[in-house]
2 protein chains.
Amino acid sequence: MAEDPSYKTRKVITIGVVSELTGLSERQIRYYEERKLVFPERSAKGNRKYSFADVELLIDIANKREEGVQTFEIRQDMLRAEKRKEKKKKRELLRGEINARFGIQKER
Amino acid sequence: MAEDPSYKTRKVITIGVVSELTGLSERQIRYYEERKLVFPERSAKGNRKYSFADVELLIDIANKREEGVQTFEIRQDMLRAEKRKEKKKKRELLRGEINARFGIQKER
DNA sequence: CGTGTAAGGAATTCTGACACG
DNA sequence: CGTGTAAGGAATTCTGACACG
């Protein structure tokens with residue numbers, strides 16, 4: 001039961017299917033990996049495998065590219081978003097510690 | 001947004017990956033299809049594509065096969081389970097209609 | 001019945017490169 | 001920069017069949 005996160009993040013989809021799902025060419029998909037926008041896993045013999053989350057991310061990327069946003073900028077945005085998430089996690093962790101010491105107040 | 005049910009039922013996984021995920025040989029997976037236990041979709045050029053739900057079903061099948069259950073019996077069980085489900089759906093539909101006419105009583 | 005395997009062919013995927021711009 | 005394409009090879013998948021049991 002405690003195997004992998006979920007159907008959404010498990011990397012099982014080959015590049016051909018991702019191409020169909022996103023409308024992007026395989027060339028584009030590989031290039032976005034080169035630019036560090038997506039991180040597929042690899043099968044034993046080196047074939048790329050993507051998750052549904054990756055597919056959605058690629059669709060977002062495709063939309064931004066259509067708007068003329070460069071891969072570099074997309075990457076910057078992604079990194080910034082991740083930092084925000086980390087900070088949020090830290091805040092929540094801190095709050096958890098405080099609650100653990102001073103007791104949990106439910107509903108203020 | 002109203003595209004496909006969910007990550008669980010969308011058929012996007014190739015037989016090789018299904019084989020890794022289930023521990024079954026491709027031969028076995030194809031055979032269970034022949035016996036009408038699984039129903040993959042096909043890509044444009046004929047390659048089988050499975051869903052996570054299919055993968056789970058195949059794992060169930062593998063377990064039953066280990067117990068010595070024959071594919072024919074597994075199929076019978078699946079068909080029976082499906083009939084039960086349909087009846088349940090009908091009952092719920094009927095209840096919905098009754099509620100629509102006579103008003104909805106929440107909680108008994 | 002359920003599964004392995006060799007067979008031959010077609011389609012997939014991979015990498016590195018040249019092209020254009 | 002972002003993407004297309006031809007190149008060559010390796011791995012994948014497909015079907016129908018023979019084998020064993």
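Each chain gets a letter, A, B and so on, in the order its sequence line appears, and its residues count up from 1.
Looking at B/D54, its side chain does come within 3.5 Å of a backbone N or O of B/S51 through a donor-acceptor pair.
Counting to the nearest Å, the C1' atom of C/dC14 and the CD atom of A/E34 are 14 Å from each other. If you measure from atom CD1 of A/I29 to atom C1' of D/dG4, you get 14 Å, rounded to the nearest angstrom. Going from atom CD of A/E26 over to atom C1' of D/dT12 covers 13 Å, rounded to whole Å. Atom CZ in A/R75 sits about 13 Å away from atom P in D/dG2, given to the nearest Å. The interatomic distance linking B/E67 (CD) with C/dG2 (C1') rounds to 17 Å, in whole Å. The separation between A/I15 atom CD1 and D/dT13 atom C1' is 18 Å, rounded to whole Å. Residue B/K49 contributes atom NZ, which lies 14 Å from atom C1' of C/dT12 at whole-angstrom precision. Rounded to whole angstrom, the span from the CD atom of A/Q70 across to the C1' atom of D/dG2 amounts to 9 Å.
With hydrogens and angles ignored, a donor-acceptor pair under 3.5 angstrom links the side chain of A/R27 to the base of D/dT5.
Not one side-chain nitrogen or oxygen of A/R48 sits closer than 4.0 Å to the OP1 or OP2 atom of C/dT12. For A/Y31, a side-chain nitrogen or oxygen approaches OP1 or OP2 of D/dG2 to under 4.0 Å. Within the structure, every side-chain polar atom (N or O) of B/K45 is placed at least 4.0 Å from both OP1 and OP2 of C/dA10. Between B/Y32 and C/dG2, a side-chain N or O to OP1/OP2 separation shorter than 4.0 Å is absent. Residue A/T14 has no polar side-chain atom (N or O) positioned under 4.0 Å from OP1 or OP2 of C/dT12.
Distance CD/A/Q28 to OG1/A/T22: 8.0 Å, rounded to 0.5 Å.
Crowding of A/R95 atom CZ: a count of heavy atoms from other residues, nucleotides or ligands under 6.0 Å not exceeding 12. Other residues, nucleotides and ligands place more than 12 heavy atoms under 6.0 Å from the CZ atom of A/F39.
Two residues are said to be in side-chain contact when any heavy atoms from C-beta on lie closer than 4.5 Å; B/K89 and B/K85 fail this criterion.
Of the residues near DNA chain D, A/N47 and A/R65, the one whose nearest nucleotide (by heavy atom distance) lies more toward the 5' end is A/R65. Between B/S43 and B/Q28, the one whose closest nucleotide on DNA chain C sits nearer the 5' end is B/Q28.
Distances were taken from every side-chain heavy atom of A/R30 (C-beta onward) to each of C/dT15, D/dT12, D/dT13; the shortest belongs to C/dT15. Nearest to the side-chain atoms of B/R42 among the listed nucleotides D/dC14, C/dG2, C/dT13 stands D/dC14.
Using Watson-Crick or G-U wobble geometry with both donor-acceptor distances under 3.5 Å, C/dA17 finds its partner in D/dT5.
Within the 4.0 angstrom heavy-atom criterion, only backbone atoms of the sugar-phosphate kind lie near B/T71; the bases stay farther away.
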